[in-house]
Amino acid sequence: MAAVPAARPRPVPLPRRWGVRASEVTALLVGNGLLIVLMWARHGGLDELDTPGGILTAIGQLAGLLGTWLALVQLVLMGRSPWLDEAFGMDRLAWWHRWLGFTTVWLIAAHGAFTIAGYTLTDGSSPIAETITILGTFPFVLWSLAGFALFVMVGVTSMRAARRRLSYETWFGLHLYAYLAIALAFLHQLFTGTDFIHDPIAVGYWTSLYLLTIALVLVFRVGQPALTSWRHRLRVSAVVPEAPGVVSIYLAGRDLDRLAVRSGQYFVFRFLTRDGWWRGHPFSLSSAPNGAWLRITVKVLGDGSAGIARIPVGTRVFVEGPYGVLTGARRTRARVTLIAGGIGIAPLRALLESLPANPGDLTLIYRASHPLDLVFRDELEQLARHRGARVLYVIGHRGGGHDGHAAGDPFGTQAIRRLVPDIASQDVYLCGPTGLMQAVEGHLRELGLPRGQLHAERFAY
Ligand SMILES: Cc1cc2nc3c(=O)[nH]c(=O)nc-3n(C[C@H](O)[C@H](O)[C@H](O)COP(=O)(O)OP(=O)(O)OC[C@H]3O[C@@H](n4cnc5c(N)ncnc54)[C@H](O)[C@@H]3O)c2cc1C
């Protein structure tokens with residue numbers, strides 16, 4: 001094990017603030033949806049409504065347009081654009097992506113079903129004969145059928161029951177087929193869609209939506225990470241065990257005093273070993289950025305994190321980011337309580353180190369089932385002394401009832417009120433296992449904490 005590099009803290013620049021609001025992005029998306037409905041109406045969508053076959057065909061067209069557009073929105077939502085991260089946070093983006101994703105698959109299925117039903121009624125033929133005619137004679141429709149099959153596969157493997165059975169990497173790999181699905185559908189829209197055949201402006205608009213989406217994905221998913229990784233040339237400089245199954249990885253690199261990142265944020269790391277380069281894992285900084293090195297702290301859960309715990313010193317690292325809104329930028333109050341569960345301590349340890357605060361303003365509550373699960377104990381005590389902060393450990397299993405009031409629950413509503421009586425007038429930063437986060441969010445609501453004062457980061461999408 002290499003020695004831990006010494007820190008000479010230097011200020012680092014803050015990440016750019018884009019100033020984009022969630023309401024503005026939502027208005028843009030809804031506005032675009034309306035524009036698409038207008039385009040459909042302008043191209044005769046409403047004129048078709050005078051026969052049953054026409055009505056079904058018109059619904060099918062609209063479903064196809066909106067489904068394709070929503071599919072592009074999916075790529076933008078998960079394209080790791082920092083302005084979207086700032087406006088929504090990746091958690092909310094992932095939530096929207098999940099539910100809009102299912103809506104997309106249903107809309108595209110409705111496009112096929114309604115179009116076939118409409119043509120069948122209009123031509124007075126059978127659905128099977130109509131399907132064969134459409135697939136056989138309309139240009140690129142077979143391609144889009146292949147794209148639809150891929151969409152269904154992505155949707156099915158994202159359902160909870162299937163998702164639980166798949167490893168993250170398998171699920172993610174299958175998810176990438178959505179890009180191919182979207183590409184396969186493009187030509188059939190331009191060459192068979194009544195909205196596009198005779199209207200070059202509509203073709204220009206539709207093609208621009210595709211080009212804009214591709215540009216955003218290329219810039220923020222590929223270009224920006226490649227540039228950051230090339231500029232800073234990160235390498236593993238030390239691997240330090242912290243507790244059973246938990247290691248800290250120290251990263252050294254070039255010009256780290258020019259890497260704009262804040263405490264509470266995370267990067268997606270690819271450790272460039274033979275087995276590890278293809279997997280990206282998100283890890284939060286567990287030390288405030290100091291311009292000399294970065295530190296992450298990893299709990300071994302599965303194959304990926306087990307490999308990272310054994311990573312050789314000197315390994316090159318590719319990073320995407322920084323991302324995340326669990327930062328001081330979200331702060332609204334002078335007094336702050338940080339609540340950590342398990343490895344959720346990593347970003348909160350960095351915030352404890354660097355959030356501006358007067359003595360007495362900061363409290364860290366660290367929840368664990370067993371004292372052996374605690375990491376950074378010495379560092380936390382040292383920081384608490386240095387910063388005039390309180391560090392409280394809540395150890396023990398959740399016993400008794402599950403409503404948070406049970407005497408056996410060491411971290412129910414009453415316990416939180418006892419530990420921080422004025423918590424409703426503070427900002428709360430929360431990070432930990434999903435179960436703990438859901439329970440604590442419920443307790444904080446009961447204690448009257450306004451939503452805008454709760455800042456949370458989930459460690460699983
Ligand atoms: C924003 C964020 C910050 C995180 N910060 C930390 C941290 O500071 N320290 C820490 O120990 N862990 C952190 N995690 C969790 C960490 O990324 C996963 O535990 C790790 O990737 C597990 O990989 P695995 O192959 O070992 O486990 P697996 O057994 O493959 O997966 C275990 C769990 O991790 C999830 N997971 C696996 N790979 C990824 C991935 N690439 N992206 C998102 N989720 C994944 C899986 O869905 C599953 O729930 C963070 C996660 C997120 C989303």
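Since we're looking at a predicted model, the values are computed, not measured. Numbering of ligands and ligand atoms starts at 1, following listing order.
- The residue Arg270 has no part lying near ligand 1, judged by heavy-atom distances below 4.0 Å.
- Classification of the Phe172-Tyr168 ring pair by plane angle, with boundaries at 30° and 60°, yields parallel.
- Checked against the 6.0 Å centroid threshold, Phe283 and Tyr266 do not count as a close aromatic pair.
- Relative ring orientation between Phe271 and Phe269 is described as parallel, the plane-to-plane angle staying below 30° on a 0-90° scale split at 30° and 60°.
- Residue Ala306 has no nitrogen or oxygen atom sitting less than 3.5 Å from a nitrogen or oxygen atom of ligand 1, judged on distance alone.
- How far CD1 of Ile182 is from CD1 of Ile214: 9.5 Å, rounded to the nearest 0.5 Å.
- Close approach to Lys299 involves these atoms of ligand 1, each under 4.0 Å from a residue heavy atom: 10 (C), 11 (O).
- At a heavy-atom distance under 4.0 Å, only backbone atoms of Thr297 (N, CA, C or O) approach ligand 1.
- Those atoms of ligand 1 with a heavy atom of Arg163 less than 4.0 angstrom away are 47 (O).
- Near Gly280, with a cut-off below 4.0 Å to any heavy atom, the atoms of ligand 1 are 40 (C), 41 (N).
- A donor-acceptor pair is defined here as one N or O able to donate and one able to accept, closer than 3.5 Å; no such pair exists between the side chain of Glu353 and the backbone of Ser287.
- Residues Ser263 and Ala350 come closest through the heavy atom pair OG-O, 3.3 Å.
- Between Ser284 and ligand 1, at least one pair of N/O atoms sits closer than 3.5 Å.
- A cation-pi geometry, defined here as NZ or CZ lying under 6.0 Å from the six-membered ring centre and within 45° of its normal, does not hold between Arg270 and Trp278.
- Using a distance-only test at 3.5 Å, with no hydrogens or angles considered, no donor-acceptor pair links the side chain of Arg349 to the main chain of Glu379.
- By the 30° and 60° cut-offs, the orientation of the rings of His455 relative to Tyr429 is tilted.
- Between Tyr266 and ligand 1, no pair of N/O atoms sits closer than 3.5 Å.
- Per-residue contacts place Ser305 under 4.0 angstrom from the following atoms of ligand 1 (heavy atoms of the residue considered): 24 (P), 25 (O), 26 (O).
- Residue Phe459 holds the heavy atom nearest to atom 6 (C) of ligand 1 of all those in Tyr323, Tyr168, Phe459.
- Atom numbering of ligand 1 starts at 1 in the shown order; those under 4.0 Å from a heavy atom of Ile343 are 9 (N), 10 (C), 11 (O).
- Contact detail for Thr104 and Gln74: the closest heavy-atom pair is OG1-NE2, 3.9 Å.
- By the 3.5 Å distance cut-off applied to N or O atoms, Leu301 is not counted among the residues near ligand 1.
- Ligand 1 lies nowhere less than 4.0 angstrom from a heavy atom belonging to Ser167.
- With a 4.0 Å heavy-atom cut-off, ligand 1 is reached by the backbone of Arg458 but not by any atom from C-beta on.
- For ligand 1, the atoms lying closer than 4.0 Å to a non-hydrogen atom of Val298 are 11 (O).
- Close contacts between ligand 1 and His281 involve ligand atoms 20 (C), 21 (O), 23 (O), 24 (P), 25 (O), 38 (N), 41 (N) [criterion: under 4.0 Å to a heavy atom].
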Should Phe186 and Tyr210 be marked as a ring-ring contact (aromatic ring centres under 6.0 Å, His included) after you check the CA-CA gap, both sets of side-chain angles, and the distance that decides it? CA-CA 9 Å; Phe186 182 63; Tyr210 266 78; 4.4 Å; yes
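- Counting heavy atoms only, Phe283 comes closest to atom 12 (N) of ligand 1 of the residues Trp171, Phe269, Phe283.
- Ligand 1 has no N or O atom lying under 3.5 Å from any N or O atom of Ala346, backbone or side chain.
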